[in-house]
Amino acid sequence: MPAIITEKKTQRYSTEFKVKAVEWSHQAHRSVQGVAEALDIHPFMLSRWRKEYREGKFAMKRVKKAPAEAKEKVREQDEVTRLKRRIAELEEENDILKKFQRFQAEERRKRSGSSGNTGNDTA
């Protein structure tokens, strides 16, 4: 009896494809099942790729643009937060100075109104 040779054709995926699939599956509104169906792969395979990605087995020579952009964005957010804090401080100082100015003006009015002696004080 002749041996039946069944060559199992396995699909080989590039590391870049795997990384993109994993990153796509990490998006908040996507599920492993949905991404696997969209890419026509088995969900278990995508889960395995996600595990390998976590473990750092996809050592791609990628241009690290996203982290640099993310760092810049974080710096900008920190700067905005710092500036907002400074604005709040300056507004508070301004309010205090306005109150002090009103207080001084009121004190001047009191002094100028009471400076006209009627002669009741005998010193």
Side-chain angles (χ1 to χ4, degrees):
M1 191 167 172
I4 299 174
I5 301 174
T6 56
E7 290 186 31
K8 193 175 187 181
K9 190 168 186 168
T10 57
Q11 179 70 33
R12 300 258 182 209
Y13 298 99
S14 69
T15 305
E16 183 180 357
F17 178 83
K18 292 176 184 180
V19 169
K20 285 184 180 181
V22 168
E23 289 174 348
W24 197 29
S25 71
H26 280 130
Q27 292 178 352
H29 61 282
R30 302 206 188 271
S31 67
V32 172
Q33 182 75 33
V35 172
E37 286 176 9
L39 297 175
D40 197 30
I41 58 175
H42 197 278
F44 180 76
M45 183 180 289
L46 181 56
S47 295
R48 191 178 72 218
W49 293 348
R50 286 169 57 113
K51 181 182 177 205
E52 291 172 358
Y53 184 84
R54 278 193 309 270
E55 294 171 351
K57 292 185 179 179
F58 294 139
M60 281 185 53
K61 293 180 181 176
R62 292 187 287 173
V63 178
K64 297 267 183 173
K65 286 186 179 178
E69 291 170 1
K71 285 180 183 178
E72 181 61 31
K73 190 170 186 173
V74 167
R75 269 189 242 120
E76 288 174 0
Q77 289 173 342
D78 289 346
E79 180 71 8
V80 167
T81 303
R82 186 187 67 77
L83 291 172
K84 284 182 179 180
R85 202 174 306 133
R86 182 65 178 144
I87 287 170
E89 288 173 8
L90 292 173
E91 286 175 341
E92 186 176 352
E93 287 178 18
N94 196 22
D95 289 342
I96 291 170
L97 289 173
K98 284 180 182 178
K99 288 177 184 177
F100 181 70
Q101 192 177 24
R102 283 192 299 258
F103 174 76
Q104 279 187 326
E106 194 173 310
E107 287 294 314
R108 271 190 239 116
R109 269 187 257 127
K110 285 181 182 177
R111 273 187 264 137
S112 66
S114 65
S115 66
N117 276 338
T118 58
N120 293 342
D121 289 340
T122 54

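One-based numbering along the sequence shown. As the structure is a computational prediction, the values presented were derived from the model and not from experiment.
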Listed pairs under 3.5 Å, donor-acceptor, residues 75-84 side chains, sequence neighbours left out:
| residue | atom | partner | partner atom | Å |
| --- | --- | --- | --- | --- |
| R75 | NH1 | E72 | OE1 | 2.7 |
| E79 | OE1 | R82 | NE | 3.4 |
| E79 | OE2 | R82 | NH2 | 2.8 |
| T81 | OG1 | Q77 | O | 2.8 |

Between CH2 on residue W49 and CE on residue M45, distance to nearest 0.5 Å: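 W49 CH2 to M45 CE: 5.5 Å, rounded to 0.5 Å.
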Distance in Å, Y53 OH paired with T15 OG1, rounded so as to fall on 0.5 Å steps: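 So the gap between those two atoms works out to 12.5 Å.
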Please report, to 0.1 Å, the donor-acceptor pairs under 3.5 Å made by any side chain of residues 26-39, with sequence neighbours excluded.
| residue | atom | partner | partner atom | Å |
| --- | --- | --- | --- | --- |
| H26 | ND1 | V22 | O | 3.1 |
| Q27 | OE1 | R30 | NE | 2.8 |
| S31 | OG | G34 | N | 3.0 |
| Q33 | NE2 | E37 | OE2 | 3.0 |

Atom pairs and distances, donor-acceptor, side-chain atoms in residues 86-107, under 3.5 Å, two or more places apart:
| residue | atom | partner | partner atom | Å |
| --- | --- | --- | --- | --- |
| R86 | NH1 | E89 | OE1 | 3.2 |

Aromatic ring pairing F17/Y13, orientation class (parallel under 30°, perpendicular over 60°, tilted between):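 It falls in the parallel class, under 30°.
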